[in-house]
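Report on the structure given below.
Order of the sequence lines sets the chain letters (A, B, ...), proteins ahead of strands, with each chain counted from 1.
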Amino acid sequence: MIGALWSKHSRWILPVAAGIAFLTFWEWSVTAWKIPKFVLPAPSLIAMAFWSDGPSLLGSLWFTTRVTVVAFLAAVVTGMTLGVLFTLNRTIERTLWPYAVVLQVTPVVAIAPLIIIWIGLDRLWLALLILAWIVAFFPILSNTTIGLSSADHGLKNLFDLYGASGWKKFRYLQLPSALPYILGGVRVSSGLALIGAVVAEFAAGSGSATGLAWRIIESGNMLNVPRMFAALLMLSAFGIVLFYATMWLQWALLHRWHESEVKREN
Amino acid sequence: MDDGSVPARPLVRLKGIRKVFSNGTEAIRGLDLDIMPGEFISLLGPSGCGKSTALRMIAGLGEASEGEIEWPTAMYDASGKPEREIGFVFQEPTLMPWATVFDNVALPFTLKDRPKGEVPDRVAEALKMVGLERFAKSYPRELSGGMKMRVSIARALVMRPKVLLMDEPFAALDEITRFKLNNDLLDLWNKQRWTVVFVTHSVYESVYLSTRIVVMAARPGRIVGELGVDAGYPRGTAFRTSQPYNDACRRVSELLDDAMAANPAGIDEH
């Protein structure tokens, strides 16, 4: 009875217990070893920073969230569209593929100043959006391209046999075959969109970009390390939400049929 | 065909077929074959004899390099292509893993733009034929290998084709499942009497199933002999152990030995 309960709930009891133990040790060690709060603040101080700076930090979270989510959605739409175009037309693929690769291999920090100058500091959010999009876009493009051309050969023959039109081949064969690949790209891309947004805010380093990354720099400059921790925690919480949202999407679309989401008993 | 009334006009006529692949391999040379309505005809031969290639050409997958494939009784469309009323069963079940059994069997209707109204009844009918009426909502991964092959057969039959083309359909299955599917296929054919062209490399399977066996040799692929199996239907386990069955198996084996002897090197090239 207790064994069954334990095996059912140990998945969350264990990490929560470990977390509480760690926080207790942290709180104790900071006082015992007299660590200054601008090096390592006690958890209780961080909690107080949450309480006092919470509303303004939430505003910053909202700013970063908007940039991340809009850039991510733009990456999904443009990546899939271009991936479909590449598959339909080899000439377009040969022409544009090298430029997509250039976008991918150029570190975003390096092009950030240029993009910010071009777009202008008065429209900084747009510059951040473009930078986050550049980072998030490539995995979707490359996975869509691979996925669309990986349909089973026997099924292609079958579709030919019944004289399927190009559109029907795309709709009923290529797109479903590509779905697991595209969703893999979506998962990678969602994390990259957040990284892109944060890096872009760091690179902008200006007052009108009031996202969480900027708050971290600002708190660092003022040696307000508790607030820095609070902003950091919010950022990772948002990252986790994003991660699980895409995990859920993948599960919802694939669990009936795809090997990656199928539970097997031996 | 055991009653001796052979119709005059073949359903499919292969005339002087030659097939050369783009890499220069001559897969088939000088193939002549008439396929009569209601026949259960097996193409038997070693790998590389072009039996699958011939079957795919009948289906319209790949053009012949020389010669013609005629459908004397079929309608021809404006571009001169015959309305082939065929169903095709591949060696693999070739099902869409993302679609239910129902949607997989309904695929020919989806691709051919047929009115949707009759689809549920026709799919149910096809699934009933192969004994899977309770699995319409299942996904392919939930089925065994034999059941997947049954779905594949149901899909091939759902348009009520005149000719069922089968490319080593049971080769990947275990023997018990294969015997069961052999029997079920024969029952269906005996009831409906469509024409079946069945590609196999098993002597026993070809004799058990067919009214006529066409033996082919490799390099280049060609017909080296044929044999009618006179035994009537239904055929069952008793037929598998009967004297006529054994005699037919021996004669087909001899033909196959001759076919192999024609290529003494016996190198298996693909």
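Note that CG of A:Asp160 and CZ of B:Phe88 are 12.0 Å apart. Values are rounded to the nearest 0.5 Å. To the nearest 0.5 angstrom, B:Thr94 atom OG1 is 8.5 Å from A:Asn157 atom CG. Put simply, CG on B:Leu61 and NZ on A:Lys156 are 13.0 Å apart, with the number rounded to the nearest 0.5 Å.
Contact of B:Glu142 with chain A is made through the side chain alone, with heavy-atom distances under 4.5 Å. Of the atoms belonging to B:Thr100, not a single heavy atom falls under 4.5 Å from chain A. Heavy-atom distances place no part of A:Leu179 under 4.5 Å from chain B, backbone and side chain included. Using a 4.5 Å cut-off between heavy atoms, B:Arg56 touches chain A through its side chain atoms alone. Residue A:Ser165 does not touch chain B at all, counting heavy-atom pairs closer than 4.5 Å. Proximity to chain A is limited to the side chain of B:Leu107, based on heavy atoms less than 4.5 angstrom apart.
Around OH of B:Tyr76, the count of heavy atoms belonging to other residues, nucleotides or ligands within 6.0 Å exceeds 12. Crowding of B:Lys116 atom NZ: a count of heavy atoms from other residues, nucleotides or ligands under 6.0 Å exceeding 12.
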Run the numbers on B:Ile86 and A:Tyr162 for side-chain contact (heavy atoms from CB on, under 4.5 Å), then give the verdict.
CA-CA 9 Å; B:Ile86 54 163; A:Tyr162 288 109; over 6 Å; no
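Contacts between residues 250-258 of chain A and chain B, counted as heavy-atom pairs separated by less than 4.5 Å, involve A:His255, A:Arg256, A:Trp257. Residues of residues 140-155 of chain A lying within less than 4.5 angstrom of chain B, judged on heavy atoms, are A:Asp152, A:Gly154, A:Leu155 in numerical order.
Looking at every heavy atom in both residues, B:Trp98 comes nearest to A:Leu173 through CH2-O, 3.7 Å.
Contact of the B:Leu111 side chain with the A:Leu161 side chain is not registered, since no non-hydrogen atoms from C-beta on lie closer than 4.5 Å. With contacts defined as side-chain heavy-atom distances shorter than 4.5 Å, the pair A:Tyr172/B:Thr110 qualifies.
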